[in-house]
Amino acid sequence: MKILDRLEETLIASLMAGATLVIFASVVHRYFSGVPVIQDYVLHWNLAWAQELCIYMFVWMAKFGAAYGVRTGIHVGVDVIINRMEPHLRSKFVLFGLGAGALFTLIVGSLGARFVYHISETEQVSADLEWPMWIIYLAVPLGSYLMCFRFLQVAWTFIRTGELPHHDHAQVDGIDPVEAAKEGGPA
């Protein structure tokens, strides 16, 4: 499970870093294209594909980021009413919600896989990158199936321990709140 967690985190971080670099390069190119001395060197570089690549990178990042959100408990949820319920009733509603999330993402993943299969039989490619579209759309079934797995994983942990993943928005990874308080920073 640790390998899958690391792979998921590495993929998301790599896509984020890659998209940032591509957009930065595109912006610098656009800026230097208007500078008289430098424009002769950069005008022949074609970065028309940069925007399309970044869009696809952000789609992949969002699909896998949603699965990460389920695993770590950072998804936004309206649970005010559920948290006020009796513990036995609350458990049933939590499991129902996790099951509904798993079922929904399983259906989206299956429909996405069917779509990817059908589009793979065509010659359709993306406009600027000219990549096969089935590779780009593969984010939908892969991300949805991973999210389904994460819903089931959280449900299983909840059944065993009664705990849901919880993200403390005040905590910053790598900073010890006790040490920060000693140094005069926010605790």
Side-chain heavy atoms nearer than 4.5 Å, only ILVMFWY residues, links allowed to pass through others: does that put [X] and [Y] together?
X	Y	answer
Leu95	Ile82	yes
Leu21	Val27	no
Ile107	Phe151	no
Ile23	Val59	no
Leu98	Phe93	yes

Could you check if a side-chain atom of [X] sits within less than 4.5 angstrom of a side-chain atom of [Y], using non-hydrogen atoms only?
X	Y	value
Ser91	Phe158	yes
Trp131	Leu53	yes
Met57	Trp60	no
Val35	Phe32	yes
Arg71	Met1	no
Val70	Thr105	no

Roughly how far, to the nearest 0.5 Å, is the [atom2] atom of [Y] from the [atom1] atom of [X]?
X	Y	atom1	atom2	value
Met85	Asp79	CE	CG	10.5 Å
His44	Ser33	NE2	OG	10.5 Å
Leu138	Ile119	CG	CD1	11.5 Å
Leu43	Asp40	CG	CG	7.0 Å
Phe104	Cys148	CZ	SG	11.5 Å

Output, in order, the C-alpha distance, side-chain angles, deciding distance and verdict of side-chain contact (heavy atoms from CB on, under 4.5 Å) for Leu7 and Phe64. CA-CA 10 Å; Leu7 180 64; Phe64 286 91; over 6 Å; no
What heavy-atom pair brings [X] and [Y] nearest, and what distance separates the two atoms?
X	Y	value
Tyr56	Ser126	OH-CB, 3.5 Å
Gly109	Pro141	O-CB, 3.4 Å
Ala19	Cys54	O-SG, 3.5 Å
Met147	Ala66	SD-CB, 3.7 Å
Pro165	Thr72	CB-C, 3.7 Å
Tyr145	Ala113	OH-CB, 4.0 Å

Would one find more than 12 heavy atoms of other residues, nucleotides or ligands at under 6.0 Å from atom [atom1] of [X]?
X	atom1	answer
Arg160	CZ	yes
Gln51	CD	no
Ile3	CD1	no
Glu121	CD	yes

I'd like to know if the side chain of [X] reaches the main chain of [Y], judged simply by a donor and an acceptor atom lying under 3.5 Å from each other, with no hydrogens or angles considered.
X	Y	value
His166	Gly73	no
Trp134	Gln124	no
His29	Leu47	no
Ser26	Val22	no
Glu52	Asp128	yes
Ser14	Leu11	no

Any chance you could lay out the side-chain contact (heavy atoms from CB on, under 4.5 Å) test for Lys63 and Leu142, step after step, and finish with the verdict? CA-CA 8 Å; Lys63 289 302 292 178; Leu142 292 178; over 6 Å; no
For Leu4 and Leu146, run side-chain contact (heavy atoms from CB on, under 4.5 Å): C-alpha distance rounded to whole Å, both residues' side-chain angles, the deciding distance at 0.1 Å, then the answer. CA-CA 10 Å; Leu4 180 60; Leu146 180 60; 4.1 Å; yes
Do Tyr68 and Ile74 pass the side-chain contact (heavy atoms from CB on, under 4.5 Å) test, and can you show the C-alpha distance, the side-chain angles, and the key distance before you say yes or no? CA-CA 8 Å; Tyr68 175 81; Ile74 59 174; 3.9 Å; yes
Output every pair passing ring-ring contact (aromatic ring centres under 6.0 Å, His included) with a member in residues 106-128, not counting sequence neighbours, ordered by first then second residue.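 Residue pairs passing ring-ring contact (aromatic ring centres under 6.0 Å, His included), neighbours aside: Phe115-Tyr137.
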